[in-house]
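Below, all heavy atoms of this structure are taken into account, side chains as well, without hydrogens, waters or symmetry copies. Just so you know, residue 1 is the first one in the sequence shown, and it goes up from there. Whatever order the structure lists them in is the order used to number ligands and atoms, beginning at 1.
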Amino acid sequence: MGLMMIAASLAVISVVITLLFLYEKDAREQQIRAQGVRLVRLLSGMSVPLLEAKGEAKGVLGVLQQSQNDPDFAYAVIVDRDGRPLNEITREGTIVPPAPPPRNPSAWLGERHLTVAGSGRTLTEFHAPLLMNGRLGGFIRLGYYAPGYRMLVQRLPFFASLALPVFLLAPLFYFLVRREIRPLHLANREMERFLQQGTFALPDMAASGEIGDFMGSFTRFVRMMQARVEELESRHSGLLTSTKVLSFRRARIEAVLHAMPDALAVLDESGTVSFVNARLPALLGKPQSEILGHTPREWCVIPKVVAFLSRYEAAGAGGVATDTVEFTPPHAGDKTLSVSAHPLFAGESRASSIGTLVLFRDITEENAGKHAHAEFIAQVAHELKTPLNTLKMYSEALMGPEGASEGFRVEGLNVIHDETDRLALLISNLLSLTRFELGGLEMKRQRVRLHELLADAFENIAQSGRDKGLHFHIDVPREMSPVFIDKELLRIAVNNLLTNAIKYNRPGGRVELTAEEHDDAIRISVKDTGIGMTPDEQDKIFDKFYRAENAQVRDKPGHGLGLPLVQQVVYLHHGELEVRSERDAGSEFIITLRKDTGILKKAV
Ligand code: ADP
């Protein structure tokens, strides 16, 4: 800024001096012209001899030379009609430039600009005719240099005295301006610091006048902006906090939806899928990217499901109620899936629908369970009907003429007695099994000496078997640790195994009951040398009502509920039931009660 002011002041000085110089030069040129014209006219009226210096006489030219003190005077020359110089006076060092005399009488008196050979200076020449005896005798030529640098040098002190105050005023002006704009400078520096560091403190700006007013307004403006920025920052941080809270809640809701056992999708108001949980892609056999952001008709190939879900597209408030359809997915033909749709509403008013929740469930097992349940009921009915038919048949026969026969009456009553026993056993087994499966059976654990329990059960059962010519063997050590179990349930299990070992044995066969105590477990084994089972049969013997498809089995009474009961009893004691069998060689059922399941607790 200081440099600029110096440059500006120098420029002003230069302009002023140039203008002054041009003005003075112009004035001087006018002066020379007036003087030259006047003098050449004066000399033109004189005779040539009077003008010329001859010998001692100086002539007018000589006088002129002596008296001429004009600094710009160059020469005075008398020339003849052809322009040859007759007499001349010159300023020292000046060579008169040759010039032809004017021919036309109208141009005899005039002026012209010439250049001096050698120095190259320009001059103005005034010329006029000289008459001799009334006729043209020659010309007088007066030359004056054009005023130039000489005059500038001459006037230098004047120009200097003029320039000096201007030059001195410049720094003063500069300091005054600088003082005035200092607040602007400070504000600018603060703004630069703000841009670099992000902190802004308004400087103390004592200023008056218009700059003071401006700075006052500027300060208020900045304070207002600062307050606005602070307000925006606090709003921003508030928004950030609520965004975090919202995204946390959203993440929590999504986590819940992902953890749900069912696969689900959320359709927005236009029917486009806006969310799917992790289970859906696997269940539908489609990648998530093909489902998310698309409408069901874009990813579902089952027309029934598409038609069902389309009802929920743009359904509006309460347009369609919750509903369900079942379908088989193309990628897993053995599965049955159900899809149900539940309209979603904003708030409790149910005024505006915000989409639909679509739940997909794999109901294959559920359906199989329902089927098994229906089969079970049919089996029970069948098993009940057979003895009831027998009972009805015999009772009717007894009431008829056949009842008169003593032999038939005894046979009939025996059959009725046996069938009633079978029915009672069937019903008791059914009840026990149902209670096991519903979890309603309470275990009554007590301290039991296995030797006593097993020997007692064995003796009761073996009695009936010995009549059939079977051989019985028991090996249960007396010193076995007492166990903490449900005595009645274990007796049922062992009874069933022993009954089967007798029932499915062959004449002269062997039935063996053994028990062993190991470090980690107690093992009870019921072994026979009977008809045995194929591996295929072994896979099914724990299904309710299963009986092998052969005459040796079908000829014997039974309902296929004994082994499922044994399995439940062992399961309740956290034990294991193992079958080893070979067709026509015999079977062995082993119950393992592991000690780490607490069967020795309170028993020691
Ligand atoms: P049930 O004896 O009343 O038929 P179970 O549930 O006790 O019913 O037995 C189911 C089936 O398992 C029997 O029908 C039979 O086919 C087979 N089974 C059970 N125990 C034996 C065994 N010790 N030897 C051969 N087959 C057996």
Pairwise side-chain contact, Leu391 with Val415, heavy-atom cut-off 4.5 Å (strictly under): no

Arg228/Glu230 ion pair, N-O < 4.0 Å: no

Whether Phe458 and Phe472 hold their rings parallel, tilted or perpendicular, with breakpoints at 30° and 60°: perpendicular

Contact table, ligand 1 N/O with protein N/O, distance under 3.5 Å:
residue	atom	partner	partner atom	Å
ligand 1	2 (O)	Asn500	OD1	3.2
ligand 1	2 (O)	Lys503	NZ	3.0
ligand 1	2 (O)	Tyr504	OH	2.7
ligand 1	3 (O)	His559	N	3.0
ligand 1	3 (O)	Gly560	N	3.2
ligand 1	4 (O)	Tyr504	OH	3.0
ligand 1	4 (O)	Arg547	NE	2.6
ligand 1	4 (O)	Arg547	NH2	3.3
ligand 1	6 (O)	Gly562	N	3.1
ligand 1	6 (O)	Leu563	N	2.8
ligand 1	7 (O)	Asn500	OD1	3.4
ligand 1	7 (O)	Asn500	ND2	2.8
ligand 1	7 (O)	Leu563	N	3.4
ligand 1	8 (O)	Gly560	N	3.3
ligand 1	14 (O)	Tyr504	OH	3.4
ligand 1	16 (O)	Ala548	N	3.1
ligand 1	20 (N)	Asn500	ND2	3.3
ligand 1	23 (N)	Asp528	OD2	3.0
ligand 1	24 (N)	Ser587	OG	3.4

Lys/Arg-Asp/Glu bridge criterion (N-O < 4.0 Å) met for Lys385, Glu383: no

Ile502 side chain near Lys468 side chain, heavy-atom distance below 4.5 Å: yes

Short N-O contact, Glu576 and Arg594, less than 4.0 angstrom: yes

